Each structure stands twice: as structure tokens, then as C-alpha cells.
Q: 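Have a look at this one.
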Amino acid sequence: MPSFLFSLTILLATVLSAVHSCTPSDRQALLAFKAALSEPYLGVFNSWSTANSCQNWYGVSCDATTGRVTDINLRGESEDPMFEKAGRTGYMTGTISPEICKLDRLTNLVVADWKGISGEVPACITSLSSLRILDLIGNRISGKIPANIGNLQRLTVLNLADNAISGEVPASIVNLASLKHLDLSNNRLTGAIPTDFGKLSMLSRAILNRNQLSGSIPVSIGNIYRLADLDLSMNRFTGSVPVQFGKMPVLSTLNLDSNLLSGQIHPNLLSNVGIGILNLSRNRLEGTIPDVFGSNSYFMTLDLSYNNLKGRVPGSLSSAKYIGHLDLSHNHLCGSIPIGSPFDHLEATSFSYNDCLCGNPLKTC
């Protein structure tokens, strides 16, 4: 009996080892991925030397049943003890090897905030049909967003911010039916946003600021019911602010500042009680500021500065529930500034450089 139990123990250990071991092909893909990168300070890849890459390889996770690699999570800014001990953030150079695409069960690929990784996003990454998170923020990646990025039907997060990516936003991006978070900010993207961008019905955040995007802002964005945060600032958009934005039920942050937008501010944009941060500054907006504020108006930030707005400061602003930061400077406003909250806590800079405004906190009328 003891001999039988011993044999059974060996058999079980062998089976468990086989189940939890990474497949040889996945291990080779990981080693090729590692070989294309250099991380000299923290020793991130020091653990990537044992036979089983599913066991204690830093940043690598596997499916416990199949032994296939499912996650690569390498962040250059982390609270991991490795970073605390070194007393520094990470720095890594090299490129992202196309060999990564051989990890065809990959669900999460995070290689973020390493500051020095260059090269392009491998085009073959669009073949990873299980991919849910692609996060390459904070590197020096250049080239274009893969044209077939829309093939990633399970992708929920696409974060390519703070790189040097150029070219246009691919037309296929609107096919990312599961996408919830899109951040392409601080790159070198040009051209127009696809007109059918509104097909991204699951999207809750769309951050595309600090690029060189142009053309009109797609009206279809107003159809994205779940969209809460939209930032298109510091681009070259022209035309008017879509009227539909004032009807979006979940939208809470809208940053369109530093563009070339023209036309008038539609009343429903200021009367939408869900919007708490609205920045339309540094555009070419004209007309008057709609006098549509009420007791449910709650703005942490309302910035309409550096436009061509004229007329009076809306009296209904005094009935707003809360106005934190208000900036109406550098316009052509005239008349007396309303009395009462929120005007009693605002500084003169909120109203400076207009044509003929007067009253507290400016000079008396």
C-alpha cells in the first residue's frame, strides 16, 4: 500500500505540474518579447529565466487549466516593492516584438509608463481575438494605429496615450463593440475622427486631446448613451459644437478647449444638469451666453474664456446650485456683473479683458 500511495503521489504531482506549466511555444514567445527590450535598473526580467514561465515570472499570468499565457502586466510606475526598494520609476528601451502575437490566448497586454520603448504597435496584435485590455501608455511608440484594430471585438480598454503615434484614427475603430475606455491623447494623430464614431455604444470615456485632429466633431458622438467623459481639447477641430451634446444623459465632463470651433453655444449645453465640467475656452465661439441656468445647475468648472462672446453675463447664474471655477475672461461681454452667489467668491480674473463689464469684483458701474 505505501508503494501504491507513493506512485499515486508522483502521478498527481506530474499531472499538476503539466497543468500549471506554460507551453513551450508560449515560453519562447515570452523570451523573444524579453529579448527585444532592455530594462537596466530594476531587474524586472530577472525572474524570466526558470523553465516554467507560468510560475513566478514577474508580470506574467497563465490560465491554471490550459497553462497558456493570458496576461502580461508590466507597469513602469508601480507600488510594487521592487520599485520602492529601488526608489525610482521604471525605464525601459527597445521595441514590442511581433512575437507577442504568438500568445494567442492573451487577454491583457499592459506595457505602460516605461518612457523609452519605441518602434510601432505590431500590426499582428489585431489577431489576438481574446484581447480585452491593450495599454501601452507612456512610451515613445511611433507609427500608426494598426488599420485592423477593429478586429479586437472583445477589447474594453485601448490606451495608447503619451506616445508619438501618427496618422489617422483608423476607420475600423468604430467596430470595437465592447470598448469602454479609449485614450489616444498626447500623440501626433491627424485627420478627422470617423463620422460613425457613435457606433461605439459601450464607450464611457473618450480622451483624444493634445493631437492634431481636424474636421468637424462627429454628430454621432451624441448617440453614445453611456459616454461620461469626452475630451477633444487641444486639436484643430472646426465647425460648431454638436447640439446633441446637450442631450446626452450621462455626460459629465466635456473638454473642447483650444480648437477652432465657431458658431453659438446652444442653450441645452448649459442647461444639461449632468454636465459638471464644461470647457469651451480658446475657440471662436460667438453670440451671447444663453441665460438658462437654474437651481439644478452644478458646475465644478465652467470655462468660456478666450472666445468672441458678447452681451451680458447671464443673471440666472446667480440661481445655480454651485459654480466652482468660472472663467468668462477675454471675450466682448458688457454690462453689470450679477450680484450674489456664485459671484461673491469669484476673482476679477474671471471677468477680465472684456469690453465693458463692471461691478464686483471689477470696478463699480
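Computed from a predicted model, the values in this text were never measured in an experiment.
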Q: Are side-chain heavy atoms of Leu158 and Ile173 found at a separation under 4.5 Å?
A: yes
Q: Using side-chain heavy atoms (C-beta onward) and a distance below 4.5 Å, is Leu30 in contact with Val60?
A: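 The answer is yes, as the side chains (C-beta and beyond) meet within the 4.5 Å cut-off.
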Q: Under a 3.5 Å cutoff, is there a donor and acceptor pairing between the side chains of Asp303 and Thr301?
A: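 No, no side-chain donor-acceptor contact under 3.5 Å.
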Q: Donor-acceptor check, side chain of Thr70 to backbone of Leu106, threshold 3.5 angstrom: yes or no?
A: no
Q: Kindly say whether Pro242 contributes a backbone atom to a donor-acceptor pair with the side chain of Ser240 at under 3.5 angstrom?
A: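 No; zero donor-acceptor contacts below 3.5 Å.
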Q: Okay, side chain of Asn187, backbone of Asn211: is any donor-acceptor separation there less than 3.5 Å?
A: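 No; judged by distance alone, with no hydrogens or angles, the pair does not exist.
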Q: If you compare all heavy atoms of Asn331 against all heavy atoms of Ser305, which two are closest, and at what distance to 0.1 Å?
A: ND2-CA, 3.8 Å
Q: Just jot down the side chain to side chain contact (heavy atoms under 4.5 Å, CB included) partners of Met202, sequence neighbours excluded, or say none.
A: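 Per chain and number, Met202 pairs via side chain to side chain contact (heavy atoms under 4.5 Å, CB included) with Lys180, Arg226.
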Q: Are Val174 and Val219 connected into the same hydrophobic cluster when the rule is that any two of I, L, V, M, F, W, Y join if their side-chain heavy atoms are below 4.5 Å apart?
A: no
Q: Give me the atom names and distance for the closest heavy-atom approach of Asn139 to Val111.
A: ND2-O, 2.9 Å
Q: Assess, by modelled atom type and distance only, whether the side chains of Asp183 and Ser185 contain a donor and an acceptor separated by less than 3.5 Å.
A: yes
Q: Looking at Ser350 and Asp327, would you say the former's side chain and the latter's main chain have a donor-acceptor pair under 3.5 Å?
A: no
Q: Can you run down the disulfide bond (SG atoms under 2.5 Å apart) pairs that involve residues 176-231, sequence neighbours left out, and say none if there aren't any?
A: none
Q: Listed by chain and number, what are the ring-ring contact (aromatic ring centres under 6.0 Å, His included) partners of Trp57, not counting sequence neighbours?
A: Trp48
Q: Which atom pairs, one a donor and one an acceptor, fall under 3.5 Å between side chains of residues 123-131 and the rest of the protein, sequence neighbours left out?
A:
unit_1 : atom_1 : unit_2 : atom_2 : d
Thr126 : OG1    : Ala123 : O      : 3.1
Ser127 : OG     : Cys124 : O      : 2.6

Q: Hey, is Asp26 close enough to Arg105 for a salt bridge, meaning N to O under 4.0 Å?
A: no
Q: Can you name the side chain to side chain contact (heavy atoms under 4.5 Å, CB included) partners of Asp229, sequence neighbours left out?
A: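 Applying side chain to side chain contact (heavy atoms under 4.5 Å, CB included) to Asp229 gives Arg205, Ile207, Thr253.
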Q: Side chain to side chain donor-acceptor pair (under 3.5 Å), that's the test. Do Asn186 and Asp162 meet it? Break it down for me.
A: CA-CA 5 Å; Asn186 195 24; Asp162 300 335; 3.1 Å; yes
Q: Show which side-chain atoms of residues 356-365 pair as donor or acceptor with protein atoms under 3.5 Å away, not counting sequence neighbours.
A:
none

Q: Minimum heavy-atom separation for Asn279 to Ser281, with atom names?
A: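 The pair with the smallest heavy-atom distance is OD1-OG, 2.7 Å.
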Q: Could you tell me whether a side-chain N or O of Asn272 sits under 3.5 Å from a main-chain N or O of Gly274, the two making a donor and an acceptor?
A: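 Confirmed, Asn272 side chain pairs with Gly274 backbone.
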Q: Take a 6.0 Å sphere around NZ of Lys102 and say whether it holds more than 12 heavy atoms from other residues, nucleotides or ligands.
A: no
Q: Show me the donor-acceptor pairs, under 3.5 Å and distance only, between side chains in residues 258-266 and residues at least two apart or in other chains.
A:
unit_1 : atom_1 : unit_2 : atom_2 : d
Asn259 : OD1    : Asn235 : N      : 3.2
Asn259 : OD1    : Arg236 : N      : 3.2
Asn259 : OD1    : Phe237 : N      : 3.0
Asn259 : ND2    : Leu232 : O      : 3.1
Asn259 : ND2    : Leu256 : O      : 3.0
Asn259 : ND2    : Asp257 : O      : 3.3
His266 : ND1    : Asn268 : N      : 3.2
His266 : ND1    : Asn268 : OD1    : 3.0
His266 : ND1    : Asn268 : ND2    : 3.4

Q: Which heavy atom of Glu77 sits nearest to which heavy atom of Asp113, and what is that distance?
A: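 Result for this residue pair: CG-CB, 4.0 Å.
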Q: Between Leu152 and Leu176, is any pair of side-chain heavy atoms under 4.5 Å apart?
A: yes
Q: Under the side chain to side chain contact (heavy atoms under 4.5 Å, CB included) rule, what do Tyr91 and Leu42 come out as? Steps first, then yes or no, please.
A: CA-CA 9 Å; Tyr91 181 77; Leu42 298 171; over 6 Å; no
Q: Supply the atom-to-atom distance Leu269 CG to Leu254 CG, rounded to the nearest 0.5 angstrom.
A: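 Leu269 atom CG to Leu254 atom CG measures 6.0 Å (nearest 0.5 Å).
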Q: Does atom CD of Glu84 have more than 12 heavy-atom neighbours from other groups under 6.0 Å away?
A: yes
Q: What I want to check is whether the side chains of Ser316 and Asp291 have a donor and an acceptor closer together than 3.5 Å.
A: yes
Q: Using 0.5 Å steps for rounding, measure from the CG atom of Leu328 to the CG atom of Leu304.
A: 5.5 Å
Q: Starting from the C-alpha separation in whole Å, work towards a yes-or-no answer on salt bridge (charged side-chain N to carboxylate O under 4.0 Å, His left out) for Arg75 and Asp80.
A: CA-CA 10 Å; Arg75 293 189 179 275; Asp80 187 279; over 6 Å; no
Q: Please say yes or no: joined through hydrophobic side-chain contacts below 4.5 Å, possibly via intermediate residues, are Ile221 and Val241 part of one cluster?
A: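 Result: yes, single cluster for both.
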Q: Does Tyr225 sit in a hydrophobic cluster with other residues, and if so which ones, taking ILVMFWY side chains as linked at heavy-atom separations under 4.5 Å, directly or through other members?
A: Val250
Q: For Pro170 and Pro194, which heavy atoms make the closest approach, and how far apart are they?
A: O-CG, 3.9 Å
Q: Test side chain to side chain contact (heavy atoms under 4.5 Å, CB included) on Asn108 and Arg132 and set out the steps.
A: CA-CA 6 Å; Asn108 296 332; Arg132 297 179 184 275; 4.2 Å; yes
Q: Check whether Leu155 and Ile96 end up in the same hydrophobic cluster, where Ile, Leu, Val, Met, Phe, Trp and Tyr are linked by side-chain heavy atoms less than 4.5 Å apart.
A: yes
Q: Under 6.0 Å from the six-membered ring centre of Tyr41 and within 45° of its axis: does the NZ or CZ of Arg88 meet both?
A: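 Pair Arg88/Tyr41 counts as cation-pi.
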Q: Given Asp231 and Ser233, is the side chain to side chain donor-acceptor pair (under 3.5 Å) satisfied, shown in steps?
A: CA-CA 6 Å; Asp231 193 342; Ser233 63; 2.7 Å; yes
Q: Sub-3.5 Å donor-acceptor pair from the side chain of Ser220 to the main-chain atoms of Gly198, do we have one?
A: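 Side chain of Ser220 to backbone of Gly198: a pair is present.
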Q: Is there a side chain to side chain contact (heavy atoms under 4.5 Å, CB included) between Phe245 and Leu230 once you walk through the steps?
A: CA-CA 10 Å; Phe245 286 3; Leu230 177 62; 3.8 Å; yes
Q: Within the side chain of Asn307, is there an N or O that forms a donor-acceptor pair under 3.5 Å with the backbone of Leu309?
A: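 Not a single qualifying donor-acceptor pair exists.
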Q: Determine which pairs satisfy ring pair (Phe, Tyr, Trp, His ring centres under 6.0 Å) with at least one residue from residues 342-365, sequence neighbours left out, and list them in order.
A: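 Checked against ring pair (Phe, Tyr, Trp, His ring centres under 6.0 Å) - neighbours excluded - the pairs reaching residues 342-365 are His330-Tyr353.
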Q: For the residue pair Thr89 and Lys115, confirm or rule out a side-chain donor-acceptor distance under 3.5 Å.
A: yes
Q: Which disulfide bond (SG atoms under 2.5 Å apart) pairs, counting each pair once, include a residue from residues 241-279, with sequence neighbours left out?
A: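 Sorted result for residues 241-279: empty, none.
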Q: Determine all donor-acceptor pairs shorter than 3.5 Å in which one atom belongs to a side chain in residues 140-147; sequence neighbours excluded.
A:
none

Q: Please report the closest heavy-atom contact between Phe293 and Ser319, naming both atoms and the distance.
A: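 For Phe293 versus Ser319, the nearest heavy atoms are O-OG, 3.6 Å.
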Q: Starting from the C-alpha separation in whole Å, work towards a yes-or-no answer on side chain to side chain contact (heavy atoms under 4.5 Å, CB included) for Leu109 and Asp135.
A: CA-CA 6 Å; Leu109 177 57; Asp135 187 350; over 6 Å; no
Q: Which residues satisfy the side chain to side chain contact (heavy atoms under 4.5 Å, CB included) test with Glu286, sequence neighbours excluded?
A: Asn308
Q: Should the SG-SG distance of Cys22 and Cys62 be recorded as below 2.5 Å?
A: no
